[in-house]
Engineer: 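Shown below is the structure under consideration.
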Amino acid sequence: MFEALTERLGQVFRRLSGRGRLSERDVDEALREVRLALLEADVHYRVVKTFTERVRARATGAEVLEGLAPAHQVVRIVRDELTQLLGGRAEPLRVDPPWPAVFVMVGLQGSGKTTAAGKLAHLLRRQGRRVLLVACDLQRPAAVAQLEVLARQAGVDFFGVPGGMTPPDVAKAGVAHARRGGHEVVVVDTAGRQHVDEALMAEASHIVEAVQARQVLLVVDAMTGQDAVNVAQAFVARMRIDGIVLTKLDGDARGGAALSVREVTGAPILFAGTGERLDGLEPFHPDRMAGRILG
Ligand code: GDP
């Protein structure tokens, strides 16, 4: 997703390295190009502005310009600030006791929420956890069946109710089932909608309260560009969100918007979705992602 950005930044830094000694003007020129590369990659303009200001403040001091290998140091500062932009340190999922630890997945329809629920269950099972997947997406007719299939593929237990119950009641019944069954982790899939609206927020919030969720994970589609940022902002402003799952990072969209989500919302990115398969979910490491982008 970040190939074009990586290529552009690589060019900027190669040119800078070819200079030997650097003046403040050289750094400014390079940063102007970094700024353009980020904007072209669809990084949010406010994020680009604060990012380049932070880099500039650190990179134009005498210590850097008059030190050894100044270009190398500028690149290091860019890497450092990019890591900070993406959240600094990796935030772990809080699966420790008391059990069951309940995770509620929220997000728009099509964001990859149900898939992410299945992937998360798969990941946790591989870590040796007893996992229960609970289907509370009662809006989309196929979602319950889809989650059941994912549960089977992931080798985890499934809880769904054919009908007649409200989503918060299904969630509560699911957690009670997990208690009886000795499950350590419960992953609850909830309904999505086409747009962020009050009904969506209210239903999700009721589920979160009903099960006393350990963490509420917002699933955001990285392919949707700035919409992804707007959606994340709307959710964070209106309900409890503890972390973000960025899906479809394997896509060929420009991807820069995804880089802005953490900075704009303040919510940490916990996982990245990297494919349609069950094993396509990775814990998000800001430093590794920054390294990957910088090539
Ligand atoms: P939901 O409506 O939010 O529950 O969305 P789904 O989980 O049904 O996913 C919508 C579509 O996105 C499906 O075709 C998934 O296979 C696909 N999808 C989900 N996550 C990823 C991902 O990380 N990468 C890719 N390429 N596709 C994904």
Side-chain angles (χ1 to χ4, degrees), residues 1-3 86 93 103-124 126 131 133-154 156 158-160 167 170-171 174 186-197 199-201 203-204 207-208 216-225 227-232 234-236 239 241 243-259 261-262 267 269-285 288-289 292-293:
M1 179 166 259
F2 302 107
E3 290 86 358
L86 296 171
L93 199 68
F103 299 94
V104 177
M105 318 295 287
V106 301
L108 292 188
Q109 209 171 81
S111 59
K113 185 168 32 59
T114 302
T115 309
K119 288 172 171 179
L120 183 59
H122 178 70
L123 188 84
L124 291 168
R126 280 189 14 224
V131 185
L133 267 175
V134 176
C136 287
D137 179 354
L138 309 183
Q139 296 276 334
R140 191 161 61 89
V144 175
Q146 185 187 346
L147 197 70
E148 190 166 11
V149 170
L150 287 169
R152 205 174 313 129
Q153 290 171 348
V156 305
F158 170 80
F159 183 87
V170 175
V186 177
V187 178
V188 180
D189 186 27
T190 67
R193 283 169 204 265
Q194 303 282 351
H195 304 285
V196 182
D197 64 24
L200 172 69
M201 297 291 163
E203 181 176 308
I207 292 172
V208 168
V216 183
L217 306 184
L218 171 65
V219 179
V220 175
D221 179 347
M223 295 256 276
T224 59
D227 265 354
V229 180
N230 296 336
V231 166
F235 268 91
V236 165
M239 69 173 286
I241 298 293
I244 290 176
V245 180
L246 266 182
T247 61
K248 311 187 194 179
L249 276 181
D250 54 309
D252 55 9
R254 286 175 295 166
L259 303 181
V261 161
R262 163 68 209 236
I269 302 167
L270 299 188
F271 292 98
T274 55
E276 293 188 82
R277 289 167 31 143
L278 266 185
D279 57 3
L281 188 76
E282 297 172 8
F284 187 81
H285 293 278
R288 286 187 213 161
M289 181 56 91
R292 212 185 292 172
I293 291 165

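Whatever order the structure lists them in is the order used to number ligands and atoms, beginning at 1.
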Engineer: Ignoring hydrogens and angles, tell me if any N or O in the side chain of E3 forms a donor-acceptor pair with the backbone of M1 under 3.5 Å.
Structural biologist: yes
Engineer: Could you state the interatomic distance from CG (L150) to NZ (K119), rounded to the nearest 0.5 Å?
Structural biologist: 10.0 Å
Engineer: Quick one: does any side-chain atom of T190 pair with a main-chain N or O of M105 as donor and acceptor, under 3.5 Å?
Structural biologist: yes
Engineer: Rounded to the nearest 0.5 Å, what separates atom CG in L123 from atom CG in L93?
Structural biologist: 8.5 Å
Engineer: Mind checking side-chain hydrogen bond (donor to acceptor under 3.5 Å, both in side chains) for E203 and listing every partner two or more places apart, or none if nothing turns up?
Structural biologist: none
Engineer: Any sub-3.5 Å donor-acceptor pair from T114's side-chain atoms to L147's backbone N or O?
Structural biologist: no
Engineer: Heavy-atom cut-off of under 4.0 Å around ligand 1: list whichever protein residues fall inside it, by chain and number.
Structural biologist: L108, Q109, G110, S111, G112, K113, T114, T115, K119, R140, Q146, K248, D250, G273, T274, G275, E276
